Number of protein chains: 2
Amino acid sequence: MVHDADHAAQCIKLVPIFQTLSDTERAEIAPLVKQRHFAVGESLFAAGDTVGSLMIVAGGQVKITQIAANGKEQLLYLLNPGDFDGEAALFTNSTRQNFGTALAPTDVCMIRRQDFQKQLQTSPQLALNILNAFGQRLASVAEQSTQATTASIEERLANYLLETAGDKTDDFKLPMKKKDIASYLGTTPETISRKFREFTDNGLIEKLAVNRFRILDADSLAMVE
Amino acid sequence: MVHDADHAAQCIKLVPIFQTLSDTERAEIAPLVKQRHFAVGESLFAAGDTVGSLMIVAGGQVKITQIAANGKEQLLYLLNPGDFDGEAALFTNSTRQNFGTALAPTDVCMIRRQDFQKQLQTSPQLALNILNAFGQRLASVAEQSTQATTASIEERLANYLLETAGDKTDDFKLPMKKKDIASYLGTTPETISRKFREFTDNGLIEKLAVNRFRILDADSLAMVE
DNA sequence: AGTAATTCTTGATTTAAATCAATTTCTTTA
DNA sequence: TAAAGAAATTGATTTAAATCAAGAATTACT
């Protein structure tokens with residue numbers, strides 16, 4: 001059996017914001033880390049919850065969703081190992097605005113709000129790291145927002161495919177159902193389906209298997225508008 | 001004539017992130033602050049610039065815009081006195097992704113990147129304040145993104161009017177041209193024009209003068225979808 | 001004040017994407 | 001492995017908003 005301390009050490013190693021800390025600092029943080037497991041479909045937190053902890057995904061996958069005023073669910077982003085959530089509200093006394101649900105069996109490391117804030121007081125490097133991570137997420141959300149207001153669905157899907165494929169353009173797997181992709185891009189499954197067909201017919205992508213694709217013409221895909 | 005030190009003191013008083021600091025900490029920061037003036041239409045910074053300073057608006061108004069892949073300009077947000085910008089990139093070594101332009105004669109207080117980071121090392125409270133401000137901006141941008149993907153233009157405009165009016169529902173001024181509102185909401189001036197007319201015809205708002213309006217039925221406006 | 005230059009409004013038309021509806025394909029589980 | 005359930009596809013239709021175009025109102029300029 002693996003000890004809690006081991007899990008904590010693993011979490012700390014995994015997460016970029018802790019990586020550049022001194023050994024001393026890391027040793028201070030380790031005892032603050034608690035680990036929890038979530039089964040597929042289980043809720044990590046819901047909108048309205050008070051934010052008690054910073055949550056770091058150690059393994060598995062979590063989807064973060066939001067319910068819009070009109071009742072529609074929108075997928076905001078996915079958390080993979082090393083990603084964390086809860087920072088936004090950790091410092092604002094507010095309640096959570098979104099939902100976190102495990103898409104796979106998921107291990108989460110948690111640090112309680114008070115513990116974390118206390119640690120920040122004595123570790124300027126940790127604060128800088130958090131600010132850095134914050135800055136990146138802010139830029140990414142801002143970019144998403146701009147895309148949503150200025151780009152067509154076709155363009156957004158093309159970008160999504162290029163991002164998702166990364167360097168594995170010749171065989172990559174969609175990390176979520178088309179239904180979720182639709183929600184993520186702010187459209188409907190029907191439209192996603194049609195755009196996939198269009199891209200395939202035009203020789204931009206090729207379907208290898210269920211949920212597996214190859215990008216045939218990255219240049220054209222990048223120029224879709 | 002007003003001395004630079006006075007300007008600096010004014011900036012520091014103005015900005016929420018500095019307000020809760022101790023007198024000692026404030027005294028340390030004051031000499032780091034440089035002041036600059038910008039005329040209407042003048043550029044504070046452009047995309048591609050390296051981020052050299054945190055910019056704090058002391059007076060006037062600044063619009064932050066982004067150029068989308070298709071060349072369209074989108075207005076991201078406005079900075080009013082007390083607001084600041086540049087935090088996102090201050091910690092990421094990256095270049096600016098957006099443009100800042102003075103909409104009115106504007107005074108800006110600037111703190112150089114290195115100076116600011118050094119100050120953070122010794123002032124945990126400052127770090128917490130920044131994180132707090134960051135969290136709020138992140139939440140606001142995320143909300144904007146969700147609205148853009150899930151709400152109709154009509155709904156977005158209704159929300160925009162309610163936000164802009166604040167508590168002055170019986171006489172408020174639009175802070176920007178309809179063209180800019182269109183850009184901000186991701187639509188066209190023509191559509192904005194038609195929606196204004198629709199709201200007026202349905203007794204939701206009333207035009208008092210050029211760019212001045214009264215909200216007649218806030219409840220209905222909030223329920224538009 | 002008077003003219004030029006923007007910005008705003010309104011109408012007509014087109015277009016992208018949503019919705020509605022019916023199969024088909026895939027996944028789960030009994 | 002068969003049956004049930006969920007997800008994805010495809011077609012027909014509707015709808016919200018963009019685009020194109022012209023005129024009216026504001027604002028800026030000399």
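None of the values given here were measured: they were computed from a predicted structure. Sequence lines set the chain letters: A, B, ... in the order given, protein chains first and strands last, and positions in each chain run from 1.
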Atom [atom1] of [X] to atom [atom2] of [N]: distance rounded to whole Å?
X: A:Glu198; N: C:dT15; atom1: CD; atom2: P; answer: 15 Å
X: B:Ile181; N: C:dT7; atom1: CD1; atom2: C1'; answer: 13 Å
X: B:Phe196; N: C:dT10; atom1: CZ; atom2: P; answer: 12 Å
X: A:Ile153; N: C:dT15; atom1: CD1; atom2: P; answer: 18 Å
X: B:Glu190; N: C:dA12; atom1: CD; atom2: P; answer: 15 Å
X: B:Arg194; N: D:dC20; atom1: CZ; atom2: P; answer: 13 Å

Requested in this report: Mark up nucleotides 23-30 of chain D, 5' to 3', with B wherever a protein heavy atom is under 4.0 angstrom from a base atom, S wherever such an atom reaches only the sugar-phosphate, and - elsewhere.
Outcome: ---SS---

Query raised in the report: So which one's nearest nucleotide on DNA chain C is more toward 5', A:Thr187 or B:Ile192?
Result: B:Ile192

Please tell me whether [X] and [Y] have a donor and an acceptor in their side chains that are separated by less than 3.5 angstrom.
X: B:Ser145; Y: A:Gln144; result: no
X: A:Gln61; Y: A:Asn80; result: yes
X: A:Thr149; Y: B:Gln74; result: yes
X: B:Tyr77; Y: B:Asp85; result: yes

Query raised in the report: Near A:Lys179 NZ, under 6.0 Å, is it more than 12 heavy atoms from other residues, nucleotides or ligands?
Result: no

Query raised in the report: With respect to the phosphate group of D:dA8, does any side-chain polar atom (N or O) of A:Lys178 fall under 4.0 Å of OP1 or OP2?
Result: no

**Report entry** N/O (side chain, B:Thr191) to phosphate O (OP1/OP2, D:dA18) under 4.0 Å
**Finding:** yes

Query raised in the report: Choosing from C:dA17, D:dA7, D:dT9, which nucleotide comes nearest the side chain of A:Lys177?
Result: D:dA7

Report summary line: Side-chain atoms of A:Thr188 come closest, of C:dT19, D:dA7, D:dA17, to C:dT19

Query raised in the report: B:Phe172 vs B:Phe213 aromatic rings, parallel, tilted or perpendicular, using cut-offs 30° and 60°?
Result: tilted

